[in-house]
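Below, each value reflects all heavy atoms present in this structure, side chains not excepted, and no hydrogens, waters or symmetry copies.
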Amino acid sequence: MDLPIGRKVDNEGVQAVPAPSCILCGREGRTLYFGQRDRLFNAPGFWDIKLCDHCQLAWLDPCPAREAIGELYAEYYTHNLESRKPLLSELRRYVREGIWGTWLGYRNRLHGNLHAAVGWLAGTLPPVREMALLGIMGLPAEKRGTLVDVGCGNGRFLARMRDLGWEVLGV
């Protein structure tokens with residue numbers, strides 16, 4: 001799998017290459033989302049997300065130019081490992097897993113009715129729910145299957161998804 005090559009465009013200071021076609025099967029993709037920002041890792045630029053209706057691959061259009069990829073990972077979790085306070089970290093995990101259990105159907109993450117109530121209540125707060133759901137890319141339990149993560153970093157996301165019952169592969 002290789003990144004698209006062609007004329008470069010400036011995307012908020014990041015060099016990018018138009019990528020209208022699927023890199024697996026070559027078919028034209030349809031735009032699912034326009035002008036998205038990376039709110040999880042604060043990567044610069046506005047990105048469309050395209051989908052190939054034939055093979056179901058999703059990708060960014062424009063695609064970051066090979067030499068610009070490092071610029072997008074300044075705040076990526078494997079590059080910015082801050083030490084957190086254990087109690088606060090445990091509280092975050094408790095709330096996050098409560099939201100996964102009540103809002104996305106991962107009931108095996110719930111530890112009783114209180115945990116379910118905390119997850120449901122915390123999930124009613126849009127910023128809290130969004131951050132929790134981003135931790136598993138909003139993938140509901142009912143859709144479990146095989147998950148492929150290209151550019152999987154240290155594998156933390158894949159380990160989390162495996163623990164939630166997904167079959168995982170990472171490159």
Side-chain angles (χ1 to χ4, degrees), residues 1-24 28-53 55-84 88-89 92-93 95-100 103-104 106 122-141 143-164 166 168-171:
M1 200 177 335
D2 212 4
L3 295 175
I5 299 172
R7 68 175 173 80
K8 292 187 174 108
V9 295
D10 183 271
N11 188 351
E12 246 189 10
V14 176
Q15 290 295 302
V17 180
S21 301
C22 178
I23 60 174
L24 287 181
E28 193 79 11
R30 84 179 147 90
T31 303
L32 288 177
Y33 301 101
F34 291 93
Q36 299 298 296
R37 287 185 105 21
D38 183 343
R39 294 180 297 189
L40 188 58
F41 299 113
N42 298 314
F46 289 93
W47 310 92
D48 291 349
I49 300 175
K50 294 223 171 178
L51 175 71
C52 176
D53 288 321
C55 68
Q56 300 300 298
L57 180 73
W59 69 93
L60 296 178
D61 181 23
C63 179
R66 182 181 305 277
E67 63 273 13
I69 290 176
E71 299 170 37
L72 301 174
Y73 288 98
E75 295 186 37
Y76 193 60
Y77 69 94
T78 60
H79 297 18
N80 185 12
L81 297 175
E82 63 199 46
S83 62
R84 293 192 173 169
L88 186 56
S89 182
R92 282 187 185 122
R93 184 189 58 74
V95 170
R96 181 178 59 234
E97 290 186 355
I99 291 171
W100 296 346
W103 290 79
L104 291 178
Y106 293 99
T124 64
L125 303 169
V128 175
R129 183 179 65 242
E130 184 175 311
M131 285 307 293
L133 298 183
L134 280 172
I136 58 173
M137 300 303 161
L139 296 169
K143 300 283 185 181
R144 277 183 275 212
T146 302
L147 177 72
V148 179
D149 187 359
V150 178
C152 63
N154 66 6
R156 188 182 308 169
F157 172 69
L158 288 175
R160 177 180 300 148
M161 298 310 287
R162 182 196 59 224
D163 291 347
L164 291 172
W166 290 78
V168 299
L169 299 167
V171 178

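Annotation: side-chain contact (heavy atoms from CB on, under 4.5 Å) contacts of E67 (sequence neighbours excluded): K8, A65. In this view, A122 and V95, I99, V128 satisfy the side-chain contact (heavy atoms from CB on, under 4.5 Å) rule, not counting sequence neighbours. Partners of W59 by side chain to side chain donor-acceptor pair (under 3.5 Å), not counting sequence neighbours: none found. A search for side-chain contact (heavy atoms from CB on, under 4.5 Å) contacts involving D163 returns R109, not counting sequence neighbours. Remark: R93 engages E90, E97 in a salt bridge (Lys or Arg N to Asp or Glu O under 4.0 Å) (not counting sequence neighbours). With sequence neighbours left out, the side chain to side chain donor-acceptor pair (under 3.5 Å) criterion links D48 to no other residue. Residues satisfying the side-chain contact (heavy atoms from CB on, under 4.5 Å) test with L169, not counting sequence neighbours, are T146, V148. Under the side chain to side chain donor-acceptor pair (under 3.5 Å) criterion, R160 pairs with no residue at all, not counting sequence neighbours. Partners of E130 according to the salt bridge (Lys or Arg N to Asp or Glu O under 4.0 Å) rule, which considers only residues two or more places apart in sequence or in another chain, are R39.
In this structure, P20 and E28 approach most closely via the heavy-atom pair CB-OE2, 3.5 Å. Between Q15 and A68, the shortest heavy-atom distance links the atoms O-CB, 3.5 Å. A pairwise comparison of heavy atoms in G170 and L158 identifies CA-CD1, 3.3 Å as the closest pair. When all heavy atoms of A19 and L60 are compared, the pair lying nearest together is CB-O, 3.8 Å.
In this structure, OH in Y106 is found 4.5 Å from CE in M161, a value given to the nearest 0.5 Å. We find the CG-CZ distance between L147 and F157 to be 5.0 Å, quoted to the nearest 0.5 Å. The line from CZ of F46 to CD of Q36 is 10.0 Å long, rounded to the nearest 0.5 Å. How far CD1 of I136 is from CH2 of W100: 5.5 Å, rounded to the nearest 0.5 Å. Here the SG atom belonging to C22 is positioned 11.5 Å from the NZ atom belonging to K50, to the nearest 0.5 angstrom. Atom CG of L57 and atom SG of C52 lie 7.0 Å apart (nearest 0.5 Å).
Under the 3.5 Å distance criterion, the side-chain polar atoms of D61 are left unmatched by any main-chain donor or acceptor of P18. In terms of modelled atom types and a separation under 3.5 Å, the side chain of R30 and the main chain of D53 share no donor-acceptor contact. When atom types are taken as modelled, the side chain of W47 and the backbone of C63 share no donor-acceptor pair closer than 3.5 angstrom. Using modelled atom types, no side-chain atom of R92 and backbone atom of S89 make a donor-acceptor pair closer than 3.5 Å.
Between P62 and V17 the shortest side-chain heavy-atom distance does not fall below 4.5 Å.
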